[in-house]
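The first residue in the sequence is number 1, and the count goes up from there.
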Amino acid sequence: AYTPRILGVLNVSPESMVAESIAIGDEAVCERAAMLVSTGADWIDLGGRSITPDAPTIDDAAEQARLWPAIAALRAAEATRPAPYQISID
């Protein structure tokens, strides 16, 4: 049988149009992920580039510079407590 999964959104793009989804910095990223998991998220979807129509355009290198530290922070947090979620990149 198919089991639905819940995707929680964590944006490391400060210009995101969904303010409550934004987490900047290692501590904020880990706190947001923990909150999403505590409310039922099975996946954490990291967004590094805003799709807001009037958001500034950033290149791939800038997007990666936002995403890699967030991924590293989430993985480092696993050293003390295994993460019950998967990560996807938006």
Side chain to side chain donor-acceptor pair (under 3.5 Å) pairs, two or more places apart, involving residues 61-71: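 Found Glu15-Arg66, Arg49-Glu63.
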Among the clusters formed by ILVMFWY side chains lying less than 4.5 Å apart, do [X] and [Y] turn up in the same one?
X	Y	result
Ile6	Leu36	no
Met35	Ile71	yes
Ile22	Leu74	no
Ile58	Ile24	no
Val37	Ile89	yes

Check: Ser13 main-chain N/O paired with Ser50 side-chain donor or acceptor under 3.5 Å: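 Checked: no pair found.
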Where is the tightest heavy-atom contact between [X] and [Y], given as atom of each residue plus distance?
X	Y	answer
Val12	Gly48	CG2-CA, 3.9 Å
Pro69	Asp26	O-OD1, 3.9 Å
Asp42	Pro4	OD2-O, 4.3 Å
Ser16	Asn11	OG-ND2, 3.2 Å

Distance in Å, Arg75 CZ paired with Cys30 SG, rounded so as to fall on 0.5 Å steps: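 So the gap between those two atoms works out to 11.0 Å.
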Nearest-0.5 Å distance, CG of residue Leu67 to CG of residue Asp60: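 Leu67 atom CG to Asp60 atom CG measures 10.5 Å (nearest 0.5 Å).
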Matching residue for Asp90 among Leu7, Asp45, Leu46, Leu10 - test: side chain to side chain contact (heavy atoms under 4.5 Å, CB included):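 That would be Asp45.
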Over 12 non-hydrogen atoms of neighbours within 6.0 angstrom of CD1 in Ile51: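 Count not over threshold, so no.
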